[in-house]
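Notes follow once the structure below has been shown.
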Amino acid sequence: MPELPEVETIVRELAARLPGRRVTKVQVFRRDALGKATPRAFRAGLMGRTFAAVRRRGKFLLFDLIPAGHLVAHLRMTGKFTLSPPLAAPDPHHRVWLHLDDGGILVFQDLRCFGTLELVERLEECRGLARLGTEPLSPAFSVAWLGERLSRSRAPLKHWLMDQTRIAGLGNIYACEILFGAGLSPRRRADRVTGAQTGLLWKVVRKVLGQAIRKNGTTISDFRRVDEKRGEFQRFLKVYGREGEPCPACGTAVRRIRQQQRSTFYCPACQA
DNA sequence: AGCGGAACCTGTCGGC
DNA sequence: TGCCGACAGGTTCCGC
């Protein structure tokens, strides 16, 4: 479900409301979300701690705690965080409730139970985080960096863009949209992207992510913001989910293929 | 290095 | 109506 722009949207909304709130009670309705940790250890680690900040790294949400520790969350396909007034009973997909000292509840819900919540004392302990590559909106993501890394891989571009160890945060939707914007085939080998194309690809990565963040992400089926509102970027998708529809640039029917078990949408005329 | 396949789990949708 | 397969915004692990 959520890629970088959706996670960024959630993080900004939580960052506006969560810092300063203290955890007064922890309820775990389904322990899958906690990985190998026991609900007891999870509860003990969170009780009485105060949220200092909420940040994003790739598709991970990082909640910094006072006096120490971090809650590291990944929404995977269907995870959601919402801030709710007191509730009588959990909804069927609610997995964890963190009761706050203002009476509200930070709700973690996840239909498919792929999402994870991990409590660590130091961020270095988190394996998923350690593997992440460059943040595409940071200064470290430069045309030179991109060109150098592309030249070392023979992977198809779609696969290359979605590999979190290279660029952190792109998923299926934005990889498709970025390749369309750059006029590059999803099957093009990374090391066969020219210098000029690398410059354009770099620009498009930042442009597409920036626009998507401004539109509060993409809601295809069930992504929701902290207040349950939807993102708006789906109205601006050019190829994703549009198999058979005319390409907005040339009118050719958008095609769908499978790559790495995932659907890829592209215009066979505009993308080479 | 890179690919295909399966697994994690639940729900929806389209076809017959 | 009912069943069945395909598919879903992600990641990881295994074998070739």
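Bear in mind that the values here come from a model prediction, so they are computed numbers and not experimental data. Side chains included, hydrogens not; waters and symmetry mates left out as well; all remaining heavy atoms used. So that the names make sense, note that chain A is the first sequence line, chain B the second, and so on, each numbered from 1.
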Open item on the list: Give me the distance, rounded to whole Å, that separates B/dC8 from C/dC3 when you measure between the C1' atoms they each carry.
Closed with: 25 Å
- [ ] Flag the pair A/E13 and A/R17 as a salt bridge only when some basic side-chain nitrogen lies within less than 4.0 angstrom of an acidic carboxylate oxygen.
- [x] no
Open item on the list: Rounded to whole Å, please give me the gap between CZ in A/F265 and P in C/dC7.
Closed with: 10 Å
- [ ] Could you tell me whether A/D110 and A/K80 have a side-chain N and a carboxylate O separated by less than 4.0 Å?
- [x] no
Task: Rounded interatomic separation in angstrom, taking CE from A/M162 and P from C/dT11 - done: 8 Å
TODO: Name the orientation class of the two ring planes belonging to A/Y240 and A/F265 (parallel below 30°, tilted from 30 to 60°, perpendicular beyond 60°).
DONE: perpendicular
- [ ] Heavy atoms only: give me the nearest A/Q197-A/T194 pair and the separation to one decimal.
- [x] OE1-N, 2.9 Å
TODO: Please report, rounded to the nearest Å, how far the C1' atom of B/dG2 is from the CZ atom of A/R152.
DONE: 16 Å
Task: Rounded interatomic separation in angstrom, taking CD from A/Q260 and P from C/dC7 - done: 16 Å
TODO: Tell me yes or no: between the side chains of A/Q259 and A/H159, is some donor less than 3.5 Å from an acceptor?
DONE: no
- [ ] Look at the side chain of A/R112 against the base of C/dA8 and say whether a donor-acceptor pair falls under 3.5 Å; ignore hydrogens and angles.
- [x] yes
Open item on the list: If you only use heavy atoms from C-beta on, which nucleotide in B/dC8, C/dT11, B/dG2 is closest to the side chain of A/F114?
Closed with: B/dC8
- [ ] Give one of base, sugar-phosphate or nothing for A/Y174, where a contact means two heavy atoms less than 4.0 Å apart.
- [x] nothing
TODO: Taking the six-membered ring for Trp and the single ring otherwise, decide whether the centroids of A/F60 and A/H74 are under 6.0 Å apart.
DONE: yes
Open item on the list: Can you list, in residue-number order, the parts of residues 119-133 of chain A that come under 4.0 Å of DNA chain C, counting heavy atoms only?
Closed with: A/R127, A/R131
Task: d(CZ, A/R31; P, B/dC8) in whole Å - done: 18 Å
TODO: Measure from CD on A/Q109 to C1' on B/dG11 and round the result to the nearest Å.
DONE: 14 Å
